[in-house]
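As structure tokens, the structure follows; a few thoughts come after it.
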Protein chains: 2
Amino acid sequence: MVEIFKALAEESRLRILSLLLENDMCVCEIENCLSLKQSNISRHLSNLKASGILESYKKAQWSYYKINNNFIQENQELWVYLEKRLKELPSYQEDYKKMKKCKSENICNCLI
Amino acid sequence: MVEIFKALAEESRLRILSLLLENDMCVCEIENCLSLKQSNISRHLSNLKASGILESYKKAQWSYYKINNNFIQENQELWVYLEKRLKELPSYQEDYKKMKKCKSENICNCLI
DNA sequence: TTACTATATGCTCATTTACTCATATTAACT
DNA sequence: AGTTAATATGAGTAAATGAGCATATAGTAA
């Protein structure tokens with residue numbers, strides 16, 4: 001349990017999770033939406049994956065990250081809480097807009 | 001939300017919360033149950049209080065800490081999750097036994 | 001093959017955090 | 001007033017963490 005809370009105890013990681021509520025995303029899309037360095041995002045994603053919150057898959061050169069279904073199953077109350085609260089993050093509206101734009105304009109050439 | 005997760009991202013603090021599921025406790029009782037230094041416990045308690053998870057009150061020379069009812073109200077799903085998972089901490093059974101012993105023997109002379 | 005793109009990772013630096021000791025503060029009791 | 005007990009806090013230290021740069025790795029495409 002501590003590992004999960006450690007993963008959740010960082011604002012950038014919460015912002016990443018808030019984007020993944022709606023879509024799977026690749027690293028460069030997240031980079032584009034959150035304006036953080038690529039290496040930084042990659043490490044945050046590794047962290048979230050190591051804690052069991054995310055899983056990943058590859059398509060061509062892109063690594064996609066998504067919410068881990070096992071995590072949702074095994075942490076249902078926490079997940080309900082997160083789904084509600086992630087949308088209340090101060091940066092959520094803006095991040096969400098960028099995500100929509102990024103997806104609709106296929107900014108990374110990585111549309112699934 | 002980050003502040004709450006930061007407070008929860010530390011094992012000693014989770015152990016403290018697990019003890020407080022059943023009773024309010026004073027600092028020296030917690031010290032007795034968890035075998036941590038008094039200053040250390042005092043700081044963890046301050047941290048949990050600052051994040052809104054605990055509240056405190058004084059009786060004579062003792063400071064009692066308890067789960068903050070507002071926190072429970074405002075974070076219901078998270079609280080349900082915590083109530084379940086705190087009891088699954090590896091140290092829980094042992095900590096719980098010590099808490100029971102501490103309360104029944106009135107080790108700090110601080111029984112309410 | 002070579003060049004290019006996306007991602008992961010080694011390294012370093014700065015910041016934060018947890019721990020400890022010593023001391024201050026507060027309350028109770030003689 | 002002086003002593004004792006409980007708690008909080010200042011200061012120092014060590015460890016963990018996040019950020020950034022440079023580079024390695026892996027997959028694609030020419």
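All values below were derived from every heavy atom in this structure, side-chain atoms included, with hydrogens, water molecules and symmetry-related copies excluded. Note that the structure is predicted; figures quoted are calculated from it, not measured. Numbers restart at 1 for each chain; the letters A, B, ... are given by sequence-line order, proteins then strands.
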What is the separation between atom [atom1] on [X] and atom [atom2] on [N], rounded to the nearest whole Å?
| X | N | atom1 | atom2 | result |
| --- | --- | --- | --- | --- |
| A:Tyr64 | C:dT7 | OH | C1' | 13 Å |
| A:Asn32 | C:dT5 | CG | P | 16 Å |
| B:Leu34 | C:dA18 | CG | C1' | 15 Å |
| A:Asn47 | D:dT17 | CG | C1' | 10 Å |
| B:Phe5 | C:dT16 | CZ | P | 21 Å |
| B:Ile107 | D:dA5 | CD1 | C1' | 16 Å |
| B:Trp62 | C:dA28 | CH2 | C1' | 8 Å |
| A:Ile41 | D:dG20 | CD1 | P | 10 Å |

Step by step, would you call B:Glu22 with B:Tyr96 a side chain to side chain donor-acceptor pair (under 3.5 Å)? CA-CA 9 Å; B:Glu22 189 153 333; B:Tyr96 182 84; 3.0 Å; yes
Ionic contact status for B:Lys97 with B:Glu94, cut-off 4.0 Å: no
Thinking salt bridges, do A:Glu77 and B:Lys84 make one under a 4.0 Å N-O criterion? yes
Taking for B:Arg13 and for A:Glu31 the nucleotide of DNA chain C with the nearest heavy atom, the one nearer the 5' end belongs to A:Glu31
Do the ring planes of B:Trp79 and B:Phe71 sit parallel (below 30°), tilted (30 to 60°) or perpendicular (above 60°)? perpendicular
Is there a side-chain contact between A:Tyr64 and A:Lys59, using heavy atoms and a 4.5 Å cut-off? yes
Could you check which of D:dA8, D:dG18, D:dA6 has an atom nearest any side-chain atom of B:Tyr65? D:dA8
What nucleotide among D:dG18, D:dT7, C:dA18 has an atom nearest to a side-chain atom of B:Val27? D:dT7
Is there a side-chain polar atom (N or O) of A:His44 under 4.0 Å from OP1 or OP2 of D:dT17? no
Distances under 3.5 Å only, N/O to N/O: pair up the protein atoms with those of nucleotides 25-27 of chain D.
none

Test your reading of the model: is there a side-chain donor-acceptor pair from B:Asn23 to the backbone of B:Met25, 3.5 Å cut-off? no
In a table with atom names and distances, give each donor-acceptor pair under 3.5 Å that connects a side chain of residues 41-52 of chain A to protein atoms at least two apart or in another chain.
| from | atom 1 | to | atom 2 | distance (Å) |
| --- | --- | --- | --- | --- |
| A:His44 | ND1 | A:Arg13 | NH1 | 3.0 |
| A:His44 | NE2 | A:Asn40 | OD1 | 3.1 |
| A:Ser46 | OG | A:Ser42 | O | 3.1 |
| A:Lys49 | NZ | A:Ser56 | OG | 2.7 |
| A:Ser51 | OG | A:Leu48 | O | 3.0 |

I'd like to know whether CD of A:Glu11 has more than 12 heavy-atom contacts from other residues, nucleotides or ligands below 6.0 angstrom. no
Checking B:Asn75 against A:Tyr81 for the side chain to side chain donor-acceptor pair (under 3.5 Å) test, could you report, in this order, the C-alpha distance in whole Å, the side-chain angles of both residues, the deciding distance, and whether it holds? CA-CA 8 Å; B:Asn75 300 276; A:Tyr81 179 79; 2.6 Å; yes
List, with names and distances, any nitrogen or oxygen atoms from the protein found under 3.5 Å away from nitrogen or oxygen atoms belonging to nucleotides 9-13 of chain D.
| from | atom 1 | to | atom 2 | distance (Å) |
| --- | --- | --- | --- | --- |
| D:dG10 | N7 | B:Arg43 | NH2 | 3.3 |
| D:dG10 | O6 | B:Arg43 | NH2 | 2.2 |
| D:dA11 | N6 | B:Arg43 | NH2 | 3.2 |

